[in-house]
Engineer: 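Quick one: structure below, then a few questions.
Below, all heavy atoms of this structure are taken into account, side chains as well, without hydrogens, waters or symmetry copies. Residue numbers begin at 1 in each chain, while the letters A, B, ... track the order of the sequences.
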2 protein chains.
Amino acid sequence: MHGMSEKSAAQGGLRERKKRATRAALAEAAVRLAAEHGAEKVTVEAISAAAGVSVRTFFNYFDTRDDAFVVIDAEAGARMRQAVLDAPAALSPLQALREAMAAELAEAEQQHELWRLHARVLHASPHLLVRTLGAHMADETELAEVVAARIRAGGATASAPPPAFATDEERRGALDLYPRLLAAVAGTAVRISVEHWCARQEEAAFLDVFQEVFALLAAGLPAPPA
Amino acid sequence: MHGMSEKSAAQGGLRERKKRATRAALAEAAVRLAAEHGAEKVTVEAISAAAGVSVRTFFNYFDTRDDAFVVIDAEAGARMRQAVLDAPAALSPLQALREAMAAELAEAEQQHELWRLHARVLHASPHLLVRTLGAHMADETELAEVVAARIRAGGATASAPPPAFATDEERRGALDLYPRLLAAVAGTAVRISVEHWCARQEEAAFLDVFQEVFALLAAGLPAPPA
DNA sequence: TGCAAAGATGCACACTCTGCAAAATTACCT
DNA sequence: AGGTAATTTTGCAGAGTGTGCATCTTTGCA
């Protein structure tokens, strides 16, 4: 045993640290260039040059050019899953997810500049927003599993009148379905919150919009007054 | 004014009909080839050849190769919007959307072969599912506008206790937010329904899954029993 | 029939992305 | 240290995607 004592900060060997640095450099370069010249006009060559690596290396890190505009923070998903697991047992799944996402979003918003740049790039070219959605979708399955684990562990079971099932099989199907649906809807909620917040030129605090969206979901999307 | 009286069946001149035919031929060729050889191994050249047009023409119809696997029915969105507008005023927005989507899905399922082929292709390569999502997202904005129009017209206003707003501005923001959220969540609901139905090898009727998902949404995503 | 508009096509060209093998870098051992 | 194995970076060749432009064919219409 040598000096592998610190595991709080930049853990891992030189190799992993360099890889993370390169990946981050590529992603940041991509976003900055896209914010300046428009995403469509940014070539892989330009991104690679800005990050100080070869074009070939770019494709060692990202399967697609667009992926560089999309991932930004690769560990966000894992952090969120942990937060869901760590949430107080009294919270319903929807509430737990809301808290976990709010914390993650609040943290992301602290890196102000890059975050807003990223939001602007996505807003400027919707097809990238779709890719972002797709990236989140990859996490969606894992997030659903965490939610399922939480439910099995028995956190805030059936706060509302528990839906009655006709057959056991039907209930089993629902238990499989519910976590997936919850994870997917939560992701959609984030997206709509960002879009609405962007559309209104940030006249309201982002977290307020986010909370309102979750309130609507928890209320079952009731019809608003005309 | 001449003979532009028929508007029910294959309307439009020879030009438009040919364009629709070419587009449909390309889309169908793409799906069939993808179902047989795997989507990644199908080149634009092969699709174009199967549809009897040049490669260049393919790109006159689709911006991207992947788009050919995604659109299938270009008018589905418009039909659904019309259905939302035509729904009985007694239905809540969520219910109206559920009915419209159920009708559209039931119709799509009647073309059995191509529909299932399409579902299989999308299930085989998730990144195409993302593109499909994206295509639906393009409709999402228009769908949201239709929902907003329905609400303004005053269909089933505030069935649940109407959420109280602190300020007028807050209510205005919510009115703008609600239709977007509803459209997006409904799209997500369809996706999850299809995924869950596919994952279970079609052991349940698709429309039953779909109905269950909407029931969960209407109930505010309550925690299921552990 | 003839003219104008719109679509289809071929061609050149830039860009994306993938193997493959060689060179450079890091990890780990004595 | 020094050396070897593992991993990463890089260049290169090549297939495939996507675009602008000029040309040719088809359709719409008088």
Engineer: In whole angstrom, give the distance that lies between atom CZ of B:Phe59 and atom P of D:dG16.
Structural biologist: 12 Å
Engineer: Could you state the CG-P distance from B:Asn60 to C:dC11, rounded to the nearest angstrom?
Structural biologist: 16 Å
Engineer: Between A:Arg65 (side chain only) and A:Val42 (backbone N and O only), is there a donor and an acceptor less than 3.5 Å apart?
Structural biologist: yes
Engineer: Hey, is B:Arg79 close enough to B:Glu107 for a salt bridge, meaning N to O under 4.0 Å?
Structural biologist: yes
Engineer: For A:Glu45, look at atom CD and say whether over 12 heavy atoms of other residues, nucleotides or ligands are found less than 6.0 Å away.
Structural biologist: no
Engineer: With DNA chain C as reference, determine whether B:Lys19 or B:Val55 sits nearer its 5' end, using the nearest nucleotide of each.
Structural biologist: B:Lys19
Engineer: With distance as the sole test, does B:Trp197 use its side chain to make a donor-acceptor pair with the main-chain N or O of B:Ala204 at under 3.5 Å?
Structural biologist: yes
Engineer: Is any side-chain N or O of B:Arg65 under 3.5 Å from a base N or O of D:dT17, one able to act as donor and the other as acceptor?
Structural biologist: no
Engineer: Whole angstrom is fine here: how far is it from CZ in B:Arg17 over to P in C:dA6?
Structural biologist: 18 Å
Engineer: For B:Phe62, answer base if it contacts any base atom (sugar-phosphate contacts may also be present), sugar-phosphate if it contacts only those atoms, and nothing otherwise; contact means non-hydrogen atoms under 4.0 Å.
Structural biologist: nothing
Engineer: So does A:Thr43 get a side-chain nitrogen or oxygen closer than 4.0 Å to the phosphate oxygens (OP1/OP2) of C:dA14?
Structural biologist: no
Engineer: What is the nucleic acid contact for B:Val53, judged by heavy atoms within less than 4.0 Å: base, sugar-phosphate only, or nothing?
Structural biologist: sugar-phosphate
Engineer: So, is B:Tyr61 close to the C:dG7 phosphate, meaning a side-chain N or O under 4.0 Å from OP1 or OP2?
Structural biologist: no
Engineer: Specify the separation, in whole Å, of atom CD of A:Glu16 and atom P of D:dT9.
Structural biologist: 12 Å
Engineer: Take atom NZ of B:Lys41 and atom P of D:dA15, then tell me their distance rounded to the nearest Å.
Structural biologist: 14 Å
Engineer: Charged N to carboxylate O below 4.0 Å: is that the case for A:Lys19 and A:Glu16?
Structural biologist: no
Engineer: Could you work out which one of D:dG11, D:dT17, D:dT27 sits closest to the side chain of B:Arg15?
Structural biologist: D:dT27
Engineer: Does the side chain of A:Thr57 get closer than 4.0 angstrom to OP1 or OP2 of D:dT9 through an N or O atom?
Structural biologist: no
Engineer: Roughly, in whole Å, what's the span from CD in B:Glu40 to P in D:dT17?
Structural biologist: 11 Å
Engineer: Regarding C:dG19, can its base be found pairing with the side chain of A:Arg56 as donor and acceptor, where the two atoms are less than 3.5 Å apart?
Structural biologist: yes
Engineer: In this structure, how many angstroms lie between the P atom of C:dG10 and the CZ atom of B:Phe58, rounded?
Structural biologist: 16 Å
Engineer: Considering heavy-atom distances to DNA chain D, does B:Lys18 or B:Asp63 have its closest nucleotide positioned more toward the 5' end?
Structural biologist: B:Asp63
Engineer: D:dG18 P sits how many Å from B:Ile47 CD1, rounded?
Structural biologist: 10 Å
